[in-house]
2 protein chains.
Amino acid sequence: MSRDERRLTSFDVAAKAGVSQSTVSRALSGSPTITEATRTRVIEAARELGYVVDERAARLRSGKSKTIAVVVIGRAGQGAASVNPFYYSLLGSVCTAAAQRGYQALVSIQSEPEHFFGQFIERGQADAVVVLGTATNREAWRYFDDYRETQARMAFWGSPFDGPGYVRSDNKAGARLAVERLVQGGYKRIGFIGETDGAQRQFRERYEGYCETLEAAGLPCFDAVTASGETREAQGAGAVKALLAQKTGYDAVFSACDAMALGALTALREADKSVPGDFGVIGFDGLGVGAHSSPPLTTIEPDFAEAGLNLVEAALGGADEDRDRRVSVHLVERASAR
Amino acid sequence: MSRDERRLTSFDVAAKAGVSQSTVSRALSGSPTITEATRTRVIEAARELGYVVDERAARLRSGKSKTIAVVVIGRAGQGAASVNPFYYSLLGSVCTAAAQRGYQALVSIQSEPEHFFGQFIERGQADAVVVLGTATNREAWRYFDDYRETQARMAFWGSPFDGPGYVRSDNKAGARLAVERLVQGGYKRIGFIGETDGAQRQFRERYEGYCETLEAAGLPCFDAVTASGETREAQGAGAVKALLAQKTGYDAVFSACDAMALGALTALREADKSVPGDFGVIGFDGLGVGAHSSPPLTTIEPDFAEAGLNLVEAALGGADEDRDRRVSVHLVERASAR
DNA sequence: CTGAAAGCGCTTACAG
DNA sequence: CTGAAAGCGCTTACAG
């Protein structure tokens, strides 16, 4: 209720409980070497005084920080407004997963080269760092890919690079789910939109899954179609136009990401193709906005809670733990495939 | 490159630069009492060694933490998945605003009563705390409303409560923009959906702005219409159905929030009302998903960057600064009003 | 302008 | 099981 002038310390609690300061520390930190009676007395004294330990001191002394630094990469020149909902959801999952493991989350949104910073562990502020965000900010990813040479306890999502600590969706399984769903809907000539060059490793994996599934189904798979554009949506719209112009007789597309799929939907509407009747579309990412498009977008969604847990574990585990971490995905049935 | 076994300290830098440890500290912290020549030498030594100050020690000693704790309130029983994109954007803006003022952001997502926790300042982890999130988690807001009795340096967004430190949109101005836009579109019987009882102070303000603007335009204003439902969208859809059933001849609605407006759009489509031809809809919040609804939703959006800055300043300023902080809003012209 | 010293509030060997 | 003491790595009076 009242605001004390002097900060309460463990000595105040010790005095009140009639024990030494070290006993207070042990009692409050859950040391097993303390009698239950003593512990209760100390906890009660602390409660009455409104005392909580000063984490700066506790962490300095113990050498730990019980914190995970989470760096969210945005588009250069745009800041927080450029972070898409997918990464915010992932951020939320990481914070939650960290809390479940007893860690706090120090969040930093980084877009500009002059502010790239990763030395949270060296500053004693974090025990591990998770980096996530748009693959399009190449400079940022280059910075963190270099930086990881100096630190093992890191994990990544969204990077165009690869290596230990990189966590991602099970892209092939996702592609399979999507393409099988399209096949099951009776579509015969299924295209793929999204670039498959080095930039987006995830996209390449989705493309591979697309081809494999189609081949297994005895259906033809086609070259990936792309188009340039400012935004992912413009790219998706352009790709669908290009694909329609090909006159291969496409009747469906699997899009490498939802943002492009949304653009595809717009282009299809303009081309008077009815979705899902004439043409099927399935995206990838599980963006919430897809639920409001017309028609609502059927998509592949990674399990966010699992993604958060994987990122936290990979970061805490360090580079030693060199396994390929794949997050499971599932089909979100909406209305863009018949 | 190499991973040192022993942590580097300011003594190592001192030895390398040929100065005392206190000089290293002063040089690196930007103390004006240091010669430029000395500072350069120290900085260079630190750079070569790869030294950065241990913030736990620096903050313990200085008594500051240069951190803002950001608590994001989710729906009980649902966690991070229940945090909507609006609050994630706000979270991002707060992190960015904090960084601009030289603060870091410690983020904690809280949904369950047993994990409500606000004592970041007492733990020495933050200099101020910002709480934001859904007004529907009453218990959480009650907790933080109680907690603020013990701490001045707090700011809030989304609370059903009121008082110093509560930051919100300029709701009346927003309502005016929306209703004037509807009037300008030629709509004559404009309804309001959203509850106006105590729960959502923001909604009441929007309703008041709605009435005032309509009266000023010489048009009738009506009682707010609501409907119960699991989600905001279901509530919006229900409200529109109820409103259509009234046969007052409504030809537009101003919705207290976008989520309800999205539901309204669905209900209107089902009722074969063409939007914006037969019926106009304008929401409030600026949700990104509104850009993909059919038709895309015209809405009122608060300035997120300004909101973040306001929250950070209000929190840092403490309760002394007892002014009513209003964040400016603007009309996002999309296609649900002719 | 710089150095030697104290001390922030804890945790953790070291004794008993 | 508990206490007295050292020390984590800084910042900041206090001197000079």
Side-chain angles (χ1 to χ4, degrees), chain A residues 4-43 45-46 49-67 119-127, chain B residues 4-43 45-46 49-67 119-127:
Chain A
D4 301 287
E5 35 318 273
R6 195 177 59 77
R7 166 177 277 278
L8 284 170
T9 74
S10 46
F11 284 97
D12 299 309
V13 179
K16 177 147 188 139
V19 294
S20 74
Q21 181 268 333
S22 21
T23 296
V24 170
S25 174
R26 291 193 188 96
L28 263 25
S29 67
S31 159
T33 165
I34 292 286
T35 314
E36 256 337 287
T38 310
R39 192 193 306 282
T40 311
R41 196 142 43 88
V42 170
I43 289 177
L49 292 172
Y51 167 83
V52 288
V53 318
D54 186 311
E55 290 294 330
R56 291 170 297 205
R59 293 168 180 192
L60 169 60
R61 185 51 239 251
S62 71
K64 289 168 187 133
S65 64
K66 279 293 176 185
T67 299
Q119 304 179 80
F120 298 97
I121 299 175
E122 293 83 343
R123 290 213 283 199
Q125 293 201 108
D127 299 312
Chain B
D4 299 289
E5 32 324 270
R6 197 178 57 76
R7 168 175 278 280
L8 284 170
T9 72
S10 46
F11 283 98
D12 299 310
V13 179
K16 175 145 188 139
V19 295
S20 73
Q21 182 270 334
S22 22
T23 296
V24 170
S25 174
R26 289 191 189 99
L28 262 25
S29 68
S31 158
T33 163
I34 292 286
T35 315
E36 254 342 285
T38 309
R39 190 191 308 281
T40 310
R41 197 142 43 91
V42 170
I43 289 177
L49 292 172
Y51 167 84
V52 289
V53 317
D54 186 311
E55 290 293 329
R56 291 170 297 204
R59 292 167 181 191
L60 169 59
R61 184 52 238 253
S62 71
K64 288 166 188 138
S65 63
K66 278 293 178 184
T67 299
Q119 303 180 77
F120 299 97
I121 299 176
E122 293 82 342
R123 290 213 285 198
Q125 293 200 107
D127 300 312

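The analysis underlying the following values was restricted to heavy atoms, covering all of them including side chains, and did not include hydrogens, waters or symmetry mates. A quick note: this is a predicted structure, and the numbers were derived from the prediction, not measured. Each chain gets a letter, A, B and so on, in the order its sequence line appears, and its residues count up from 1.
- Looking only at distances, a side-chain donor or acceptor of A:R7 sits under 3.5 Å from a matching main-chain atom of B:E122.
- Rounded to an integer number of Å, the gap from CD1 of B:I121 to P of C:dG9 is 16 Å.
- A close approach under 4.0 Å does not occur between any side-chain nitrogen or oxygen of A:S29 and OP1 or OP2 of C:dT11.
- The side chain of B:A58 sits closest to D:dT11 out of D:dG9, D:dT2, D:dT11.
- Put simply, CD on A:Q21 is 20 Å from P on D:dC1, counting in whole angstrom units.
- Comparing B:S10 and A:P32 along DNA chain D, the residue whose closest nucleotide (by nearest heavy atom) sits nearer the 5' end is A:P32.
- With rounding to whole Å, A:Y51 atom OH is found 10 Å from C:dG9 atom P.
- Separating the CZ atom of B:R59 from the P atom of C:dC10 is a distance of 17 Å, rounded to the nearest angstrom.
- Taking atom CG on A:L28 and atom C1' on C:dT12, their separation rounds to 16 Å, with Å as the unit.
- Of the listed nucleotides (C:dT11, D:dC1, C:dT2), C:dT11 has the atom at the smallest distance from the side chain of A:S25.
- Comparing atom distances between the B:R26 side chain and each of C:dC10, D:dA13, C:dT2 picks out D:dA13 as nearest.
- Rounded to the nearest 0.5 angstrom, A:E55 CD and B:R123 CZ are separated by 5.0 Å.
- Considering only side-chain atoms of B:S22, the nucleotide from C:dG3, C:dC10, D:dT2 that sits closest is C:dG3.
- Looking only at distances, a side-chain donor or acceptor of A:T67 sits under 3.5 Å from a matching main-chain atom of A:S65.
- Between A:S62 and C:dT11 there is no side-chain N or O to OP1 or OP2 distance below 4.0 Å.
- Here the P atom of nucleotide C:dG3 and the CZ atom of B:F11 are 12 Å apart, to the nearest Å.
- The side chain of B:S20 places an N or O atom within less than 4.0 Å of a non-bridging phosphate oxygen (OP1 or OP2) of C:dG3.
- Phosphate contact (OP1/OP2 of C:dG3, side-chain N/O of B:T23, threshold under 4.0 Å): present.
- Although no hydrogens or angles enter the test, the distance criterion places a donor-acceptor pair under 3.5 Å between the side chain of A:S20 and the main chain of A:T23.
- Distances shown here put a side-chain N or O of B:T35 below 4.0 Å from the OP1 or OP2 atom of C:dT2.
- A 3.5 Å limit on both hydrogen-bonding distances identifies D:dA15 as the Watson-Crick or G-U partner of C:dT2.
- As rounded to whole Å, 15 Å separates atom C1' of C:dC8 from atom CD of B:E55.
- Rounded to an integer number of Å, the gap from CZ of A:R39 to P of D:dT2 is 10 Å.
- Between atom CZ of residue B:R61 and atom CG of residue A:L60 there is a gap of 12.5 Å, rounded to the nearest 0.5 Å.
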